[in-house]
Engineer: 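Before I ask anything, here is the structure I am working with.
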Protein chains: 2
Amino acid sequence: MPNPRSTTRATRSTGAVTLQRVAEHAGVSIATASRVLHGGTRTVGEELRRKVEDAARDLGYVSNAPAQALARSSTSVVGLVVHDIADPYFAAIAAGAMRAAKRHRLMVMIAATFGDPELEIEYVRSLRAQRARAVLLAGSGVADPDLTARLAAELDAFRADGGRVSCIGERGVEPYVPLDHTGGAERAATELWQLGHRRIGVVAGPEGLVTVQRRLAGIRAAWSRLGGELPDRRVVFADFTRSGGREAALGLFAAEPGVTAVLALNDVMAAGVLAAVQDDLGRRVPEEVSVVGFDDVPFAVDLRPSLTTVRLPLEEAGERAVQLIADGASPARQAPLGVALVVRGSTGPVAG
Amino acid sequence: MPNPRSTTRATRSTGAVTLQRVAEHAGVSIATASRVLHGGTRTVGEELRRKVEDAARDLGYVSNAPAQALARSSTSVVGLVVHDIADPYFAAIAAGAMRAAKRHRLMVMIAATFGDPELEIEYVRSLRAQRARAVLLAGSGVADPDLTARLAAELDAFRADGGRVSCIGERGVEPYVPLDHTGGAERAATELWQLGHRRIGVVAGPEGLVTVQRRLAGIRAAWSRLGGELPDRRVVFADFTRSGGREAALGLFAAEPGVTAVLALNDVMAAGVLAAVQDDLGRRVPEEVSVVGFDDVPFAVDLRPSLTTVRLPLEEAGERAVQLIADGASPARQAPLGVALVVRGSTGPVAG
DNA sequence: CTGTTAGCGCATTCAA
DNA sequence: TTGAATGCGCTAACAG
């Protein structure tokens with residue numbers, strides 16, 4: 001018998017090294033092998049333990065995650081749902097999440113919805129099928145009752161199957177990592193007011209996103225508190241992209257040439273605004289027009305001029321989101337992550 | 001009976017809706033249910049098919065991926081191994097990969113090594129445990145024989161288990177998406193030469209990365225072909241980060257004040273170089289110093305001044321990488337993705 | 001076209 | 001402490 005293999009079919013030639021084989025090789029039962037290789041509790045004798053470990057190493061054993069998942073009905077993967085991983089906002093969150101995931105020995109599966117709420121629901125469902133241990137919703141939700149309800153239903157089903165859920169920013173899902181969009185926006189608006197600006201414009205992202213609504217609300221709140229006016233025609237909605245920002249800025253100035261400062265609702269859009277104002281419109285920043293961004297993504301400091309923006313601790317938010325779903329994290333109230341206005345070169349006093 | 005849940009423990013209250021239950025509910029065998037719900041082939045009668053579909057919908061059935069994976073020993077997840085997802089280079093690749101993955105109905109699991117080659121090996125092993133259908137290596141390899149061999153061994157094992165492998169850029173693994181680092185670098189260097197620069201400096205990434213070596217080789221090849229000189233002291237290695245670029249530039253100019261142009265081996269470093277040259281050293285770009293980057297990440301155009309750089313079709317590379325491992329993609333020779341020099345504002349003729 | 005049956009690899013009672 | 005046996009949910013022959 002030159003070949004120890006006995007069973008019939010193909011697939012399992014010498015290929016798959018299973019617990020079974022390790023057990024045989026070590027001369028123990030598969031239960032024992034399982035205990036030393038996977039079981040946390042040390043209830044195996046020193047000698048057998050060594051034998052099993054040696055066998056596993058010799059054979060190059062690698063556990064079969066799907067099999068384990070099936071047997072214990074739980075995996076070590078967490079799903080992260082973002083809009084677009086190429087967007088530095090989400091990339092930062094993902095980086096933080098992955099860092100924390102590593103600490104907790106979790107794998108991160110990323111799904112990009114490209115802004116499609118239907119896809120978000122579909123991905124949660126898919127993650128449920130994967131029996132992911134948790135799903136992290138990183139993107140902003142949309143203010144649509146139907147969509148929200150359907151997502152909630154899907155999340156409930158996910159939880160019913162034993163999964164955990166957490167999200168970045170408040171969106172009606174518990175637990176979540178609080179991000180003070182409103183407060184940050186208020187601060188940015190206030191800064192502009194203090195610089196003497198009275199006629200400001202807002203370059204906003206998609207109108208349906210609750211993040212956009214929150215930031216906008218913060219600006220409006222601060223502005224009216226200060227006694228300013230912000231007519232709707234000075235608020236332009238567009239995609240959360242560079243070109244979205246550029247086009248929105250162009251539209252804004254076409255309609256309201258007197259605007260002295262513009263608040264972009266994220267840094268990527270701000271980059272587009274800067275390009276529009278300086279290159280297309282030929283106005284100087286900040287001498288003629290001030291620009292403020294939101295998020296403080298890494299490249300904000302390198303824009304021309306460097307961008308004044310509201311800093312959001314994105315990486316930390318990502319980390320916290322996985323902490324929330326890792327171990328028995330208490331669903332205790334989270335201290336909101338600090339937002340801060342980072343004043344750089346794109347803002348200045350209103351032209352006298 | 002206000003509460004339909006009955007069974008004892010926790011987890012499996014009304015929770016787990018299995019194929020089994022769907023089959024019962026529909027009055028068919030579980031095999032039939034499986035066929036209509038998962039089997040691609042249409043070998044089920046119209047009536048039963050409908051019954052099963054209705055039952056599945058009514059019960060809210062979601063297939064159990066781990067169970068499927070175990071039974072058919074294959075999953076629909078592909079692993080993507082990157083250095084750092086927050087780096088726009090990898091974010092772009094990931095975005096492309098995810099787009100293609102969606103088309104092929106694959107899920108993408110991302111692992112970040114943060115530049116640690118050991119972690120890369122560990123992740124491949126972990127992906128093997130997950131029985132991932134494929135792993136995509138997006139990061140550059142290091143020029144270390146031991147590491148390379150161990151990674152190769154792990155990849156072979158992965159393949160032996162039926163997994164597919166592909167990577168971005170040549171690194172001794174087949175198949176791969178060719179990226180002409182060398183050619184791009186040659187083009188950038190040539191451009192500088194033509195602008196009259198003779199004393200150039202290179203701000204390079206980690207010396208061990210083969211990508212760095214390739215780009216550097218391209219520069220050296222072009223330069224010596226043109227008749228220029230590039231002494232080692234004008235080549236500085238640092239991290240592939242903004243601060244790495246900034247510090248490297250500072251060091252470079254401290255040692256070689258006469259340099260008239262610097263080639264940064266990626267755009268993120270170039271941002272740091274720009275900051276160092278203009279803000280720290282107070283020299284004008286491009287009047288006094290020209291700067292060239294590499295990759296053409298999204299923010300390159302927004303730098304101050306806009307960055308001349310070598311464009312690499314990163315998203316497309318990501319897409320191609322998953323195409324390579326999807327369906328029965330022929331391991332045919334790939335036409336190298338086109339690289340192009342994008343001339344913008346950071347380069348100009350040498351000061352006369 | 002449909003049902004029966006035998007695993008897939010592992011965790012986990014339950015005995016020993 | 002260790003082993004034997006059972007089942008996780010599903011797929012894939014194989015038979016009818």
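Below, chains carry the letters A, B, ... as their sequence lines are ordered, and counting in each starts from 1. What's counted below: heavy atoms across the whole structure, side chains too, no hydrogens, waters or symmetry copies.
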Engineer: In whole angstrom, what separates B/Lys51's NZ from C/dC1's C1'?
Structural biologist: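 Going from B/Lys51 (NZ) to C/dC1 (C1'), I get 14 Å.
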Engineer: Could you tell me, to 10°, how much the axis swings from one end of the helix from C/dC1-D/dG16 to C/dA16-D/dT1 to the other, five pairs per end?
Structural biologist: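 Rounded value for the end-axis angle: 30°.
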Engineer: Tell me every residue that passes salt bridge (charged side-chain N to carboxylate O under 4.0 Å, His left out) with B/Arg128, counting only those two or more places apart in sequence or in another chain.
Structural biologist: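 B/Arg128 satisfies salt bridge (charged side-chain N to carboxylate O under 4.0 Å, His left out) with B/Glu154, B/Asp161 only.
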Engineer: Rounded to the nearest angstrom, tell me the gap between atom CZ in A/Arg21 and atom P in C/dC8.
Structural biologist: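 After rounding, the gap between these two atoms is 13 Å.
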Engineer: What donor-acceptor contacts under 3.5 angstrom involve side-chain atoms of residues 53-61 of chain B, with partners at least two apart or in another chain?
Structural biologist:
| from | atom 1 | to | atom 2 | distance (Å) |
| --- | --- | --- | --- | --- |
| B/Asp54 | OD1 | B/Arg57 | NH1 | 3.4 |
| B/Tyr61 | OH | B/His38 | NE2 | 3.3 |

Engineer: Taking OP1 and OP2 of D/dC10, is either one under 4.0 Å from a side-chain nitrogen or oxygen of B/Gln68?
Structural biologist: no
Engineer: Just jot down the salt bridge (charged side-chain N to carboxylate O under 4.0 Å, His left out) partners of A/Glu122, sequence neighbours excluded, or say none.
Structural biologist: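 Result, salt bridge (charged side-chain N to carboxylate O under 4.0 Å, His left out) vs A/Glu122: none returned.
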Engineer: For B/Glu47 and A/Ala65, take the nucleotide of DNA chain C holding the closest heavy atom to each; which residue's nucleotide lies nearer the 5' end?
Structural biologist: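 Its nucleotide being nearer the 5' end, the pick is B/Glu47.
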Engineer: To the nearest Å, how far apart are A/Leu19 CG and C/dC10 P?
Structural biologist: 4 Å
Engineer: Partners of A/His83 by ring pair (Phe, Tyr, Trp, His ring centres under 6.0 Å), sequence neighbours excluded?
Structural biologist: A/Phe90
Engineer: Please pick, from C/dC8, D/dT2, C/dC10, the nucleotide with the shortest atom-to-atom distance to any side-chain atom of A/Ala71.
Structural biologist: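 Shortest atom-to-atom distance from the side chain points to C/dC10.
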Engineer: For B/Glu174, is there an ion pair with B/Arg164 - N to carboxylate O distance below 4.0 angstrom?
Structural biologist: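 Looking at B/Arg164 and B/Glu174, the cut-off is not met.
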Engineer: Holding to salt bridge (charged side-chain N to carboxylate O under 4.0 Å, His left out), I want the full list of residues that pass it with A/Arg103, two or more places apart in sequence or in another chain.
Structural biologist: A/Glu319
Engineer: Over all strands shown, is A/Leu70 touching base, sugar-phosphate only, or nothing at heavy-atom distances under 4.0 angstrom?
Structural biologist: base
Engineer: Can you check the B/Glu46 CD to C/dC1 C1' distance for me, whole Å?
Structural biologist: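 After rounding, the reported distance stands at 13 Å.
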Engineer: Is it true that A/Ser63 and A/Gln68 share a donor-acceptor pair across their side chains at a distance under 3.5 Å?
Structural biologist: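 Side-chain D/A pair, A/Gln68 to A/Ser63: present.
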Engineer: Which of these nucleotides, D/dA12, C/dG9, D/dG9, is closest to any side-chain atom of B/Arg72?
Structural biologist: D/dA12
Engineer: Between P on C/dC10 and CZ on A/Arg131, what's the gap in Å once rounded to a whole number?
Structural biologist: 20 Å
Engineer: Side chain of B/Arg35, base of C/dG3: donor and acceptor closer than 3.5 Å?
Structural biologist: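 Answer yes: a donor N or O sits under 3.5 Å from an acceptor.
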Engineer: Provide the full list of salt bridge (charged side-chain N to carboxylate O under 4.0 Å, His left out) pairs with a residue in residues 25-34 of chain A, sequence neighbours left out, each pair given once.
Structural biologist: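 Every pair satisfying salt bridge (charged side-chain N to carboxylate O under 4.0 Å, His left out) with a residue in residues 25-34 of chain A: there are none.
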Engineer: Nearest-Å distance, CD (B/Gln20) to C1' (D/dT11)?
Structural biologist: 14 Å
Engineer: Of the options A/Val44, A/Val22, A/Thr32, which is the one that meets A/Leu37 in a side chain to side chain contact (heavy atoms under 4.5 Å, CB included)?
Structural biologist: A/Val22
Engineer: Looking at C/dC10, I'd like to know if its phosphate oxygens (OP1 or OP2) sit under 4.0 Å from a side-chain N or O belonging to A/Ser34.
Structural biologist: no
Engineer: Got a sec? Which of residues 23-33 of chain B come in under 4.0 Å of DNA chain C, heavy atoms?
Structural biologist: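 Hits under 4.0 Å, by residue number: B/Val28, B/Ser29, B/Ala31, B/Thr32.
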Engineer: Give the rounded distance in Å between these two atoms: CG of A/Asn64 and P of D/dG9.
Structural biologist: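 Interatomic distance, CG of A/Asn64 to P of D/dG9: 17 Å.
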Engineer: Please give, in whole Å, the distance from D/dC10 C1' to B/Leu37 CG?
Structural biologist: 11 Å
Engineer: Using side-chain contact (heavy atoms from CB on, under 4.5 Å) as the criterion, list what pairs up with A/Val142, not counting sequence neighbours.
Structural biologist: A/Pro117, A/Asp144, A/Leu147, A/Leu209
